[in-house]
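Down below is the structure, laid out as C-alpha cells.
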Amino acid sequence: MTAQEFTMLCVYILAGILGLCVGSFLNVVIYRLPNGMNLNRPGSHCTKCDYTLKWYDNVPVLSYLLLGGKCRKCKTRISPRYMIVEIVNAVLWLLSTKMFWESSPVYACAVAAACSALICIFFIDLEHMLIYNRFTILVALCGVVGMFTDSGTSWQDRLIGAVAGGVVFLGLYYGAIAALKQEGMGFGDVKYAAAAGLLLGWQKLLFAVLAASVTGAVIIVAANRLTKAEKRKEYPFGPFLVAGTLIALFLGDRVISWYLGLLLR
C-alpha cells in the first residue's frame with residue numbers, strides 16, 4: 001500500500017466515523033428543533049420514561065442494534081429512523097469523500113455539510129411540513145464554497161441556477177395561489193430551490209427538479225391508492241426535492257453526459 005492509498009484509507013475511515021457521529025446529532029436536531037426544545041439540554045433521553053442515556057447507549061448504530069431498538073429502562077420501542085439517519089449521513093459523507101476529495105478536500109467537506117443539512121430538511125419537512133431557513137442557508141453557503149473550490153461546475157452556472165430556481169418556484173408559488181386560491185407549495189420550497197440551484201448549477205438543478213417531480217408523482221399516486229386518501233390531502237414536496245438534489249449532486253454529471261451523448265449520436 002502506497003502512502004497516498006494509506007492516507008485515503010484514513011480519510012475514508014474518518015469520514016465514516018464522523019458521519020455516524022454527526023448523524024447522531026442530526027437526530028437530536030430533527031426531533032427537538034420543530035418541538036421548540038433546546039438542542040443542548042437536557043441530554044439524550046428516552047422520550048417516554050425520561051431515562052438519561054449513558055454514553056454506551058449513544059454509540060451510533062451499534063447501541064440501537066444491541067438494545068434491540070428499545071429503551072434500556074422502559075423497553076419502549078425506538079423509531080428505526082434514528083439508526084437510518086446515522087447510516088445515511090455516514091454513507092453520504094463517504095460518497096462526498098469518494099467523489100470530491102481528490103479534486104478539492106474543501107469542496108468535499110462542503111458537500112458533506114450540505115448532505116447533513118439536506119437530511120434535516122427531508123425528515124423535518126416529511127413530518128412537520130417545515131423547511132427551516134438555517135438549513136437552506138447552509139446549503140446555499142456550501143454552494144458559495146463550491147463557486148471557489150469546485151472546477152466541475154462554474155460559478156456562472158451556480159448563479160444562474162440560484163436565480164432560475166428562485167424565480168421559477170416563485171412563479172409556481174404565486175401561480176398556484178392565483179389559480180387554486182391557496183398555496184400549492186410552501187414558500188420554504190421557493191427558498192430551497194434557489195439554494196439548491198447555487199449548490200448544483202442550473203443543469204443539475206433541472207435534473208433534480210425533474211427527478212423530484214417524477215418521483216413525487218409516482219409515490220403520491222401510489223400512496224393515495226393504497227390508503228384511499230382524499231385527493232386534496234397535502235404532501236410536502238421538500239423530501240422529493242432533497243432526494244432529487246442528492247441524485248443530481250452525485251449522479252447528475254454522469255446522467256447529463258449520457259443523455260447528451262444520446263442526442264449527439
Side-chain angles (χ1 to χ4, degrees), residues 8 11-12 14-15 18-19 22 26 29 88-89 91-122 124-125 131-173 187-213 237-260:
M8 285 307 304
V11 170
Y12 286 134
L14 185 60
L18 287 177
V22 172
L26 297 183
V29 175
V88 170
N89 193 68
V91 170
L92 291 177
W93 276 42
L94 286 170
L95 279 174
S96 301
T97 303
K98 173 67 175 177
M99 296 192 64
F100 305 110
W101 185 270
E102 290 188 5
S103 60
S104 173
V106 174
Y107 184 60
C109 293
V111 172
C115 288
S116 294
L118 293 174
I119 289 174
C120 291
I121 292 172
F122 182 97
I124 292 176
D125 196 36
I131 298 180
Y132 286 94
N133 288 335
R134 65 191 69 186
F135 301 126
T136 302
I137 292 172
L138 179 55
V139 172
L141 288 176
C142 292
V144 172
V145 172
M147 292 173 66
F148 300 97
T149 59
D150 176 38
S151 59
T153 303
S154 69
W155 65 268
Q156 296 97 326
D157 286 343
R158 292 180 187 273
L159 285 180
I160 293 172
V163 173
V167 170
V168 170
F169 272 68
L170 189 65
L172 293 174
Y173 176 81
F187 200 75
D189 295 323
V190 178
K191 291 179 282 188
Y192 173 81
L198 195 59
L199 179 67
L200 298 172
W202 70 268
Q203 298 97 330
K204 284 183 283 190
L205 176 66
L206 181 62
F207 173 65
V209 173
L210 178 62
S213 301
F237 191 46
F240 301 112
L241 283 175
V242 167
T245 300
L246 289 173
I247 294 171
L249 190 59
F250 293 111
L251 297 176
D253 287 331
R254 295 183 181 181
V255 173
I256 291 171
S257 297
W258 169 79
Y259 181 70
L260 291 177

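Looking at residues two or more places apart in sequence or on another chain, you find a side-chain contact (heavy atoms from CB on, under 4.5 Å) between Val145 and Val106, Ala110, Thr149. Under the side-chain contact (heavy atoms from CB on, under 4.5 Å) criterion, Ala211 pairs with no residue, sequence neighbours left out. With sequence neighbours left out, the ring-ring contact (aromatic ring centres under 6.0 Å, His included) criterion links Tyr173 to Phe187. Remark: Phe169 engages no residue in a ring-ring contact (aromatic ring centres under 6.0 Å, His included) (not counting sequence neighbours). Qualifying side-chain contact (heavy atoms from CB on, under 4.5 Å) partners for Ser213, counting only residues two or more places apart in sequence or in other chains: Val209, Phe237. Checked against side-chain contact (heavy atoms from CB on, under 4.5 Å), Ala162 has the following partners two or more places apart in sequence or in another chain: Leu198. By the side-chain hydrogen bond (donor to acceptor under 3.5 Å, both in side chains) test, Ser116 pairs with Asn89, Trp93, sequence neighbours left out. With sequence neighbours left out, Tyr107 forms a ring-ring contact (aromatic ring centres under 6.0 Å, His included) with Phe100.
The salt bridge (Lys or Arg N to Asp or Glu O under 4.0 Å) pairs that include a residue from residues 112-121 number zero, where partners must be two or more places apart or lie in different chains. Residue pairs satisfying the salt bridge (Lys or Arg N to Asp or Glu O under 4.0 Å) criterion with at least one member in residues 237-247, sequence neighbours excluded, are absent. Under the side-chain hydrogen bond (donor to acceptor under 3.5 Å, both in side chains) criterion, the residue pairs touching residues 199-210 are Thr153-Lys204, Asp157-Trp202, Asp157-Gln203, with sequence neighbours excluded.
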Could you pull out every donor-acceptor pair under 3.5 Å between side chains of residues 242-249 and any protein atom, sequence neighbours left out?
from	atom 1	to	atom 2	distance (Å)
Thr245	OG1	Tyr192	OH	2.7
Thr245	OG1	Leu241	O	2.7

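Side chain of Arg158 to backbone of Gly201: no donor-acceptor contact under 3.5 angstrom is found.
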